[in-house]
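Structure record follows, encoded as structure tokens.
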Number of protein chains: 2
Amino acid sequence: MKLKMNKGNIYKVQSLERALDILDCFNFQDREMRLTEVVQLTGLNKTTAKRLISNLTARGYLKQDPRSKRYQLGLRLFELGGIVFSSFSLRKAAAHRMNLLQRTTGATVLLGVMMEDQLVYVDKREGHGMIRISSDIGWRRALHYGMLGMVLMAYLTPEKVRDILKRYPLEAHTPYSITDKNAFSLRLEKIRKDGYLSERGEAVEGIIGIAAPIRDYSRQVVAALGVALPIPQLSEKEDVQRIVDIIKISADAVSSDLGYLKI
Amino acid sequence: MKLKMNKGNIYKVQSLERALDILDCFNFQDREMRLTEVVQLTGLNKTTAKRLISNLTARGYLKQDPRSKRYQLGLRLFELGGIVFSSFSLRKAAAHRMNLLQRTTGATVLLGVMMEDQLVYVDKREGHGMIRISSDIGWRRALHYGMLGMVLMAYLTPEKVRDILKRYPLEAHTPYSITDKNAFSLRLEKIRKDGYLSERGEAVEGIIGIAAPIRDYSRQVVAALGVALPIPQLSEKEDVQRIVDIIKISADAVSSDLGYLKI
DNA sequence: TGATTTAGTTTCACATTATGAAACGATCTT
DNA sequence: AAGATCGTTTCATAATGTGAAACTAAATCA
């Protein structure tokens, strides 16, 4: 009879809209509401308000103090808010170290996380050199493609790694790329043993990549931090080792900021 | 025609329930969803899912990356979560004691509650002395995983414990983890008898956990307070007992602030 | 490059589902 | 104890949400 769609692609589901109107009643000033107050603020029918409130309460979006009968915003919102917040927190925790890394090494600095079995660049700092490493924030890649993805894969279960490699087969991007599954496994093992990855021209020719894992409170690897820089800039063995040390220290510092306790 | 009321005073508004089901698709691991994924996870009709998602997006509960078309939890949830966080009476009651604990023990201090049969971290103090919201607040875990969850489980009915263990089976996180149901029951009994839990490397290797329950005016256990610290820092028996005493006193103090009357 | 598959959007007829007036119960007030 | 206020439950009604189908856009393939 009536259309649910407004012009401008805005659908409205009345009962949902009303439920959200109820949540809107709560703010920093007014943290507690009784049913009648909600009714007054929203203009809803008492029964309707009660029904929606009960439903929201059952799902943890509101909670009721059984004594005063008053409602407050519930734990589920706290939890969901935490997820949103944590989307920023990694970047925030890493920001300072990334600036530092960029200044001290002059390299391109990259931060990435795993999302849906792929690598997503979360943040980056451009290097000084002429060679631009094309990786944009928010960009997705196959996990095994570059240094960050390989570091993240090193800490997955063997089953998960096998599953991912089946769906995203290894491919050669340069003559130095690893395309053999066994060689790849050994590489992952080495990453776990060393606590970092150092790679020379495997993802992009002429580019050295060095990366290390970032862990959070749960001790799980949640991100990878790495630098990419042109080989000519970094000929000496000692130079590589210097960068490796800096990366490991930086990644550890971010981990610690995320609540990781080093033993 | 049909009643909206289920037994047990639980009203269900279908479209609201479904909208909340959609929000449930998102968690710390899977922060991005495409429409099709939501459809698969919820079992909703594509049109219905789209309509609800559009509505949630219009209200800021979801946001869409216009390029990838993928959805994420929106800023409104962050905002509402912030209100909950700031008005958490438990958190407020515990804040002072947590600061004190962190200073006197130098350990990481954790506060957690039970939600939907899982543990949710509500607040924490870093071992280093910085007070900060880091990504792990709001994090969910299986109840039996760590010290806080075990303390909370100790005060549930045996039926509830059995039910939870059926849905979240015991698993070994370290060689010291309890994986036997009977041993686990005995452990819960010991917690009730002692009024605290002391655990050595069961959840995380090399970490000692000591935790105690917090009750409110209703005399029910509503939260758990605990510290985690490296075993090397705490070799002596007397040291452990010292911390145990401090934790029990702290948890009791918080309980008392929540209206719990001892006897 | 066009062909095929997959994902996202819009329409619209239909009946399931949300609605709210009214009556009832529970608390608080004096 | 009587009156007032707030919360809960019922149930008849139609307004509202629903989903199959058709459509368009965007990947993916060959």
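Below, chains carry the letters A, B, ... as their sequence lines are ordered, and counting in each starts from 1.
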Quiz item: Any side-chain N or O of B:R34 less than 4.0 Å from the OP1 or OP2 oxygen of C:dG8?
Solution: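 So the side chain of B:R34 is within the cut-off, an N or O lying under 4.0 Å from OP1 or OP2 of C:dG8.
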Quiz item: Which of these nucleotides, D:dT8, C:dT9, D:dG17, is closest to any side-chain atom of A:K50?
Solution: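 Of D:dT8, C:dT9, D:dG17, D:dT8 is nearest to the side chain of A:K50.
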Measure the distance from [atom1] on [X] to [atom2] on [N] and round it to the nearest whole Å.
{"X": "B:K12", "N": "C:dT16", "atom1": "NZ", "atom2": "P", "value": "20 Å"}
{"X": "B:I53", "N": "D:dT18", "atom1": "CD1", "atom2": "P", "value": "13 Å"}
{"X": "A:Q40", "N": "D:dT5", "atom1": "CD", "atom2": "P", "value": "12 Å"}
{"X": "A:L52", "N": "C:dT17", "atom1": "CG", "atom2": "C1'", "value": "13 Å"}
{"X": "A:Q64", "N": "C:dA26", "atom1": "CD", "atom2": "C1'", "value": "14 Å"}
{"X": "A:M33", "N": "D:dC6", "atom1": "CE", "atom2": "C1'", "value": "16 Å"}
{"X": "B:L16", "N": "D:dT18", "atom1": "CG", "atom2": "C1'", "value": "16 Å"}
{"X": "B:I22", "N": "D:dG17", "atom1": "CD1", "atom2": "P", "value": "14 Å"}

Using a strict threshold of under 4.0 Å (side-chain N to carboxylate O), is an ion pair present between [Y] and [X]?
{"X": "B:R215", "Y": "B:D252", "value": "no"}
{"X": "A:K69", "Y": "A:D65", "value": "no"}
{"X": "A:R187", "Y": "A:E199", "value": "no"}

Exercise. With sequence neighbours left out, write down each residue that passes ring-ring contact (aromatic ring centres under 6.0 Å, His included) with A:H173, or none if nothing qualifies.
Key: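 Applying ring-ring contact (aromatic ring centres under 6.0 Å, His included) to A:H173 gives A:Y145.
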Self-check item: Donor-acceptor pair, side chain of A:S177 and main chain of A:E202, under 3.5 angstrom
Solution: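 Side chain of A:S177 to backbone of A:E202: a pair is present.
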Quiz item: Between B:Y71 and A:S15, who's closer to the 5' end of DNA chain C by nearest nucleotide?
Solution: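 Between the two, 5'-proximity favours B:Y71.
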Exercise. Between D:dT13 and C:dC14, how far apart are the P atoms? Round to whole Å, please.
Key: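 To the nearest whole Å, 22 Å.
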Could you list all N or O pairs between the protein and nucleotides 20-23 of chain C that sit under 3.5 Å apart?
from	atom 1	to	atom 2	distance (Å)
C:dG20	OP2	A:R18	NH1	3.4
C:dG20	OP2	A:T48	OG1	2.7
C:dG20	N7	A:R51	NH2	3.2
C:dG20	O6	A:R51	NH2	3.2
C:dA21	OP2	A:N45	ND2	3.2
C:dA21	N6	A:T47	OG1	2.8

Exercise. Look at atom NZ of B:K92 and say whether more than 12 heavy atoms of other residues, nucleotides or ligands are closer to it than 6.0 Å.
Key: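 Yes, NZ of B:K92 has more than 12 neighbouring heavy atoms, counting only those of other groups under 6.0 Å.
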Exercise. Would you check if B:R76 and B:L80 make a side-chain contact, meaning some heavy-atom pair closer than 4.5 Å?
Key: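 A side-chain contact exists here, since the closest heavy-atom pair is under 4.5 Å.
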